[in-house]
Structure formats: C-alpha cells, structure tokens
2 protein chains.
Amino acid sequence: MDKYYTITELTREFGVSTRTLRFYEDEGLIHPERRGRTRFFRATDRHLIKEILRGRRIGFSISEIREIIQMYKEPPGEAGQLRLMMKRLEDKRAELIQKRRDIEETLEEMSNVEEACLTRLAEIGVGT
Amino acid sequence: MDKYYTITELTREFGVSTRTLRFYEDEGLIHPERRGRTRFFRATDRHLIKEILRGRRIGFSISEIREIIQMYKEPPGEAGQLRLMMKRLEDKRAELIQKRRDIEETLEEMSNVEEACLTRLAEIGVGT
DNA sequence: ATCGACATTTACGTAAAAGTCAATGCGTAC
DNA sequence: GTACGCATTGACTTTTACGTAAATGTCGAT
C-alpha cells in the first residue's frame with residue numbers, strides 16, 4: 001500500500017497544529033516528501049512523530065529528541081563515540097528513573113488529597 | 001530548634017540559583033521571613049522548595065505547582081469546589097500515568113540501543 | 001576603614017516551542 | 001471561471017522560567 005498522509009490528517013490524529021509539524025520539519029526531525037509544494041507524509045514520518053510527541057510529553061527538548069532519534073538511526077562506528085553515547089544514555093536513564101520516582105510520589109500524594117476530598121464531601125453530603 | 005536557612009544554603013542544597021528562589025517567592029510559592037532585607041527560610045519553606053522542584057522535574061508549570069500547593073493547604077469547603085478539584089485531580093492523574101508509560105517505553109528502547117552499542121563495541125573490541 | 005563574601009532590588013535579556021496573521025497557490029465543485 | 005477549502009511560506013508575537021547586569025547594602029574579619 002505505502003499510504004501517504006496529508007498534514008491535516010496527522011494534525012487531527014495527534015492533536016497538534018500544522019505549524020508544529022512544519023516546525024519539526026524545519027528542525028530536521030522529519031522529512032516528508034514533496035509534490036509541488038505539498039507535503040506527503042509516509043508511515044515512517046508518522047512513526048517519528050509519535051516518538052517526538054512521546055519525547056515531548058516526557059519533557060525532552062527538541063535537541064534532545066533529535067539526539068535520541070539519531071541514536072536509533074545509526075549507532076556510531078567508532079569506539080570512542082560509542083562509549084560517549086553510552087555515557088549519555090546512562091545519564092538520561094538516571095534522569096528518567098528519577099522522573100518516574102517523582103511521578104510515583106506525586107501520584108501517591110494526589111491519592112491522599114483525593115481521599116481527604118472524599119471524606120470532606122461525605123461530611124458535607126450528610127447535611128444535604 | 002527552629003533552624004533558619006540562608007538563601008545560599010538552600011541554593012547549594014538543591015542546586016538552584018538565588019534568582020530561582022527569589023523568583024519562586026515573587027510567584028507566591030514560598031514566603032521566607034525577613035530580617036531587614038535579608039531572607040530567612042524556615043523548614044516549611046525548605047519543604048515547599050522540595051515539592052516545587054519535584055513538580056518542575058515532572059514538567060509542571062509554575063501555576064500548576066501553585067495550584068497543587070494550594071490543594072495541600074486547604075481543601076476547599078464548598079461541595080462544588082471539591083468536585084471541581086477532584087475532576088482536576090483525575091485529569092492530572094491521567095496525565096501522570098501517561099507520562100509514566102512514556103518513560104517506561106523510552107527506558108526500554110534505551111536498553112535496546114545500549115545493547116546494540118555493547119554488541120558493536122564487542123565486535124570492534126575484538127580487533128583492537 | 002576596608003575588604004570580601006554574601007545579600008538585595010530593578011530592569012532588561014533570552015531560548016524554546018509554538019501561535020497567529022497575512023499573502024498567496026492549487027485543485028475542484030459548481 | 002470563479003469561489004472555496006486546504007496548503008504553504010514568512011514574519012511577527014507570545015509565554016514560561018528563569019539568566020544576567022548594575023548599582024547598593026550588610027557584616028564579620030583583618
């Protein structure tokens with residue numbers, strides 16, 4: 001099949017603006033084809049967009065996302081480069097693990113607050 | 001005891017600048033005491049800073065953090081407010097859970113890349 | 001009294017990630 | 001053939017979360 005996606009199809013699917021997708025293209029993250037001036041997105045672009053948005057939700061900057069995409073594409077050939085890349089991976093991993101811990105702590109606290117709300121509601125509700 | 005912390009003590013402990021702490025004060029997130037023009041931070045401020053920074057790592061904006069802090073302080077008294085608050089909590093919770101999933105997926109992919117790196121290093125290493 | 005370290009305020013600057021607006025093109029349904 | 005809707009480009013604007021510079025204050029040690 002090799003389907004093409006138009007820009008608005010993708011904006012609808014992912015809930016982003018055309019500006020955003022063009023911005024990602026300008027930043028070199030995706031490379032939709034062109035027929036005349038119109039962009040045609042392939043499955044691979046669509047998949048990349050998914051990864052980009054996931055990175056964005058996590059809080060990665062555009063350049064970090066670019067770096068990550070690069071990593072998938074081509075593990076560099078030279079040993080020094082490889083070691084450096086693994087070091088960076090380690091750092092990112094630590095960061096993500098910290099972030100996950102932060103999220104879990106926050107989720108717990110939110111549960112507490114929610115419970116307090118429920119109790120309060122019950123108290124008030126009684127008198128209604 | 002009721003220890004006081006100076007601003008630089010806290011900047012060192014948390015790895016942030018004085019500008020940042022003053023900014024948080026301007027934003028009404030913390031309320032250090034004053035003796036003359038100098039700020040003196042209490043344990044409660046220190047604890048708040050911890051929460052603020054955790055929120056920041058998670059990706060909450062200042063106003064979201066402010067909102068959260070507010071929630072801890074005073075679960076509102078009126079039923080409608082309470083329900084609204086719980087709705088917002090639900091939304092945030094969903095967001096955080098999505099974020100956690102994103103992180104987990106990313107961690108897995110990073111493991112893959114890392115493994116690929118190791119294999120590659122081994123291949124190269126053989127010829128060294 | 002002066003020096004250094006730390007503190008303060010005010011004000012302007014900045015980078016990231018888009019939003020918004022205006023002008024224009026291209027295809028097609030009527 | 002023209003009006004309409006979707007696309008495009010480029011320029012300008014906005015928001016967030018601080019950074020940074022300048023000019024000054026405070027205080028203990030020398």
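Chain letters run A, B, ... following the sequence lines, proteins first and then strands; every chain starts at 1.
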*Tell me which residues in residues 22-37 of chain A put a heavy atom below 4.0 Å from DNA chain D, sorted by number, or none.*
A:Arg22, A:Arg34, A:Arg37
Which pairs of donor and acceptor atoms, one on a side chain in residues 66-73 of chain B, lie under 3.5 Å apart (sequence neighbours left out)?
from    : atom 1 : to       : atom 2 : distance (Å)
B:Arg66 : NH1    : B:Glu27  : O      : 2.5
B:Arg66 : NH1    : B:Glu27  : OE1    : 3.4
B:Glu67 : OE2    : B:Arg88  : NE     : 2.4
B:Glu67 : OE2    : B:Arg88  : NH2    : 2.8
B:Gln70 : NE2    : B:Glu74  : OE2    : 3.0
B:Tyr72 : OH     : A:Glu109 : OE1    : 2.2

*In residues 52-62 of chain B, which ones come under 4.0 Å of DNA chain D, going by heavy atoms?*
B:Arg56, B:Ser61, B:Ile62
*Does B:Arg57 have any side-chain contact (heavy atoms from CB on, under 4.5 Å) partners at least two apart in sequence or in another chain, and if so, which?*
A:Gln98, A:Asp102, B:Leu53, B:Arg54
*asked:* Holding to side-chain contact (heavy atoms from CB on, under 4.5 Å), I want the full list of residues that pass it with B:Arg120, two or more places apart in sequence or in another chain.
replied: A:Leu82, B:Glu123, B:Ile124
*asked:* Of the listed nucleotides (C:dG19, D:dA7, C:dT8), which one gets closest to any side-chain atom of A:Thr20?
replied: C:dG19
*For A:Asp45, which residues count as a salt bridge (charged side-chain N to carboxylate O under 4.0 Å, His left out) partner, sequence neighbours excluded?*
none
*asked:* Listing request: all ring pair (Phe, Tyr, Trp, His ring centres under 6.0 Å) pairs with a residue in residues 32-57 of chain A, at least two apart in sequence or in separate chains.
replied: A:Tyr4-A:Phe40
*Got a sec, which residues hit side-chain contact (heavy atoms from CB on, under 4.5 Å) with A:Thr44, two or more places apart in sequence or on another chain?*
A:Arg42
Could you go over nucleotides 11-14 of chain C and give all protein N or O partners under 3.5 Å, atom names and distances?
none

*For A:Arg39 and D:dC6, give me the distance from atom CZ to atom P, rounded to whole Å.*
17 Å
*A:Arg12 near the nucleic acid: base, sugar-phosphate alone, or nothing, with a heavy-atom cut-off under 4.0 Å?*
nothing
*Mind checking side-chain contact (heavy atoms from CB on, under 4.5 Å) for B:Leu107 and listing every partner two or more places apart, or none if nothing turns up?*
A:Arg93, A:Leu96, A:Ile97, A:Arg100, B:Ile103
_Using a 4.0 Å heavy-atom cut-off, does B:Ser63 contact any base of the nucleic acid, only the sugar-phosphate backbone, or nothing at all?_
nothing
*Return yes if a side-chain donor-acceptor contact under 3.5 Å exists between A:Ser17 and A:Thr20, otherwise no.*
yes
*Under the salt bridge (charged side-chain N to carboxylate O under 4.0 Å, His left out) rule, collect the residues that match up with B:Asp91, sequence neighbours excluded.*
B:Lys87
_A:Arg34: salt bridge (charged side-chain N to carboxylate O under 4.0 Å, His left out) partners, not counting sequence neighbours_ = A:Glu25
*The side chain of B:Ile7 lies closest to which of these nucleotides: C:dG19, C:dT8, D:dA7?*
C:dT8
*Base, sugar-phosphate, or nothing: which does B:Thr18 touch, judged by heavy atoms less than 4.0 Å apart?*
nothing
